[in-house]
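Labels below follow one simple rule: chain letters A, B, ... track the order of the sequence lines, proteins then strands, and each chain is numbered from 1. Only this structure's heavy atoms are used, side chains among them; waters, hydrogens and symmetry mates stay out.
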There are 2 protein chains.
Amino acid sequence: MITAIIVDDHPLFAEGLKAMFKASDGIEIVEHTKNGNELPCILRNTQVDLILMDIDMPIMDGIATMELLKKEGFNIPILMLTMHQSMRKIKNSLEKGAQGYILKDASKPELVEAITKTSLRQNYFHPKINDQVFDYFRGRKSARAEADELSEREREIIECLAGGMNTKAISEALHISEHTVKTHRRNIMYKLDVKTSAELVKLAIEKGIIDIG
Amino acid sequence: MITAIIVDDHPLFAEGLKAMFKASDGIEIVEHTKNGNELPCILRNTQVDLILMDIDMPIMDGIATMELLKKEGFNIPILMLTMHQSMRKIKNSLEKGAQGYILKDASKPELVEAITKTSLRQNYFHPKINDQVFDYFRGRKSARAEADELSEREREIIECLAGGMNTKAISEALHISEHTVKTHRRNIMYKLDVKTSAELVKLAIEKGIIDIG
DNA sequence: ACCTGAATACCCCAAAAGTGGTATTTGCTA
DNA sequence: TAGCAAATACCACTTTTGGGGTATTCAGGT
């Protein structure tokens, strides 16, 4: 029997999963928390085989929670659970040491497979994102990967734009010249193929390049 | 025993709910579909006491599905299920005749209460949105309702902006003068308290004023 | 050593956005 | 019917964007 703890801010979803697994599945959700902060405390009192972690949570998201766990010295396989197939989030999760990545619109058998593999420290990718990940690590220029070719600096610029800053404000915030900000913005617009900053922000949110909350 | 059908594009969530309800709850999820289009067909073959409907779905969302049901002549209580507490979506749902409105971060007892009341054709609002709804229908100017005071036309303008259109393009698309577009945009920016169109779009998405897909 | 991507910075200039006003018409409702 | 909100439209003006270039530096990989 694989024991798991679920970290998700939606009680209904968590309780639903808990109720869904029967003994015949060989999986049991033994704990649930809405808050990443509480995880270390819970893990010190409860032995689990893996952590089922939602990425998109208020206050402390899945990525931040993973960092906390690493800092506290925990080494339990983590299966990331998310709604969006954002290459950036997948990348961040893997860099932080996640063992698997599955979408919330997966089916039960898929989740069972993901949990089973992850608990054995085998990697698991949901089929829907498999190709994407492949392409990314192969050529870094698949059809839907353009958005993820943005550099960290460019992402910063987008975040500033979404925050209502104009060229001057951004240049001051990032300690660079206004010229540079304009160059970055222009490059981003070219890469994302948009005509205005407004559309740029919309697309960035849509593709998960920046977060809203 | 209350029988319900769930319309949600996330199989895991739906299956979870299905598994969560025991006979002692007096509720049974008898059917599940990811697609609003299939609902009429299913309902003709299956007798249910209520429909548990997710608002945010790809292709055909909850609001559109309700319209379809009405057109087809169905009259089954509908409990809307959503992640976001967007006043606009609440308003739209109620206008289309939804019986209740509950958030996905509700607890199981809350959902049981919501389903029970809704099946008896009593209205149900999740506590988290109750105050918001009250304020809205009382004075239409509560603290967090400013965003929802936007007119339909203003929302159209935002959608155009998010689509990358400039003043001229918008004026042509909506058959109004560029002056009018500028006036609308200015009013929206004043209402939402933003300084740029980029921030305007971000806030509109954040508050659920416009949808992304 | 060479190439490439990323970050930086500059030029010019037309077009658009943003800011300050005012004003008319229409439809709803108190 | 008087009042109000919403949609419409206009003027004048400053600031910012967006699009066309070019160029240097620096880090990483072949």
Side-chain angles (χ1 to χ4, degrees), chain A residues 88 91 95 136-141 145-204 209, chain B residues 88 91 95 136-141 145-204 209:
Chain A
R88 167 171 151 254
K91 191 165 153 282
E95 279 170 2
Y136 181 80
F137 286 108
R138 189 159 46 200
R140 296 176 165 243
K141 49 179 175 230
E146 352 79 276
D148 307 295
E149 278 180 11
L150 292 179
S151 69
E152 194 52 46
R153 198 54 152 176
E154 286 168 339
R155 204 144 43 230
E156 273 186 282
I157 302 278
I158 297 178
E159 244 146 31
C160 291
L161 286 172
M165 295 164 83
N166 63 18
T167 306
K168 185 152 183 277
I170 299 174
S171 78
E172 282 162 5
L174 303 183
H175 307 294
I176 53 182
S177 94
E178 293 188 41
H179 296 294
T180 309
V181 175
K182 290 175 93 173
T183 303
H184 280 310
R185 190 182 50 210
R186 186 167 23 167
N187 291 339
I188 299 167
M189 293 175 87
Y190 174 76
K191 285 186 185 178
L192 297 188
D193 188 29
V194 293
K195 273 163 229 55
T196 65
S197 291
E199 188 187 8
L200 161 55
V201 166
K202 188 213 64 173
L203 210 71
I209 297 166
Chain B
R88 167 172 152 255
K91 191 165 153 282
E95 279 172 0
Y136 181 80
F137 286 108
R138 189 160 46 202
R140 297 179 164 239
K141 51 180 173 226
E146 352 81 275
D148 308 296
E149 279 181 10
L150 292 179
S151 68
E152 194 52 46
R153 199 51 152 177
E154 286 168 339
R155 205 143 43 228
E156 272 185 283
I157 302 278
I158 297 177
E159 244 146 31
C160 291
L161 286 173
M165 295 164 83
N166 64 19
T167 306
K168 186 153 182 277
I170 298 174
S171 78
E172 283 162 4
L174 303 184
H175 307 293
I176 54 181
S177 94
E178 293 187 41
H179 296 293
T180 309
V181 175
K182 290 177 95 173
T183 303
H184 281 310
R185 190 182 51 211
R186 184 170 22 175
N187 291 339
I188 299 167
M189 292 176 86
Y190 174 76
K191 286 186 185 178
L192 296 187
D193 188 30
V194 293
K195 272 162 229 57
T196 65
S197 291
E199 188 186 8
L200 161 54
V201 166
K202 187 213 64 174
L203 210 72
I209 296 167

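- Side-chain atoms of B:Thr167 lie closest to C:dA17 of the nucleotides C:dA17, D:dG19, C:dG20.
- When distances run from any side-chain atom of B:Lys191 to the nucleotides D:dA6, C:dG20, D:dG19, the shortest one goes to D:dA6.
- Across all strands shown, B:Ser177 has heavy atoms under 4.0 Å from sugar-phosphate atoms exclusively, and none from any base.
- With rounding to whole Å, A:Leu150 atom CG is found 9 Å from C:dA6 atom P.
- When only modelled atom types and interatomic distance are considered, B:Thr180 and B:Thr183 share no side-chain donor-acceptor pair under 3.5 Å.
- Residue B:Ser197 places at least one side-chain N or O closer than 4.0 Å to OP1 or OP2 of C:dG18.
- Residue-to-nucleotide contacts include no donor-acceptor pair under 3.5 Å from the side chain of A:Arg153 to the base of C:dG5.
- In this structure, B:Ser151 reaches the D:dA7 phosphate: one of its side-chain N or O atoms is under 4.0 Å from OP1 or OP2.
- For the pair A:Asn166 CG and D:dT14 C1', the computed distance is 13 Å after rounding to whole Å.
- Per the geometry, CE belonging to A:Met189 stands 12 Å off C1' belonging to C:dA16, to the nearest Å.
- Under 4.0 Å is where a charged nitrogen must lie from a carboxylate oxygen, and between B:Glu159 and B:Arg155 no such pair does.
- The interatomic distance linking A:Leu161 (CG) with D:dT16 (P) rounds to 14 Å, in whole Å.
- Applying the 3.5 Å distance criterion, the base of D:dG18 shares a donor-acceptor pair with the side chain of A:Lys182.
- Distance from the side chain of B:Arg185 is smallest for C:dG18 among the nucleotides C:dG18, C:dC10, D:dG18.
- Taking the side chain of A:Ile176 as heavy atoms from C-beta on, and the options C:dA9, C:dA17, D:dG18, the nearest nucleotide is C:dA9.
- Salt bridge annotation for A:Glu156-A:Arg153: present, with a cationic side-chain nitrogen under 4.0 angstrom from a carboxylate oxygen.
- Side-chain contact between B:Lys182 and B:Arg186 is absent, with no heavy atoms from C-beta onward closer than 4.5 Å.
- The A:His184 side chain lies nearest to C:dA7 when the options are D:dA9, C:dA9, C:dA7.
- Side-chain atoms of A:Lys195 lie closest to D:dG19 of the nucleotides D:dG19, C:dA6, D:dT8.
- Checking C:dG18, C:dA17, D:dG19 against every side-chain atom of B:Thr196, the shortest atom distance belongs to C:dG18.
- For A:Arg186 and D:dA23, the CZ to C1' distance is 12 Å, given to the nearest whole Å.
- Atom P of nucleotide C:dA7 and atom CD1 of A:Ile157 are separated by 9 Å, given to the nearest angstrom.
- Out of D:dA7, D:dC10, D:dA6, the shortest distance to the side chain of B:Glu154 is found at D:dA7.
- Taking atom CG of B:Asp193 as the reference point, atom C1' of C:dG18 lies 15 Å away to the nearest angstrom.
- Listed candidates were D:dA6, C:dA9, C:dA7. Nearest to the side chain of A:His179 is C:dA9.
- Under 4.0 Å is where a charged nitrogen must lie from a carboxylate oxygen, and between B:Glu154 and B:Arg185 no such pair does.
- Protein atom OH of A:Tyr190 is 15 Å distant from nucleotide atom C1' of C:dG5, rounded to whole Å.
- In the set D:dT8, D:dG19, C:dT8, the nucleotide with an atom closest to the side chain of A:Thr183 is C:dT8.
- Under the 4.5 Å side-chain criterion, counting only non-hydrogen atoms from C-beta, B:Ile158 is in contact with B:Leu200.
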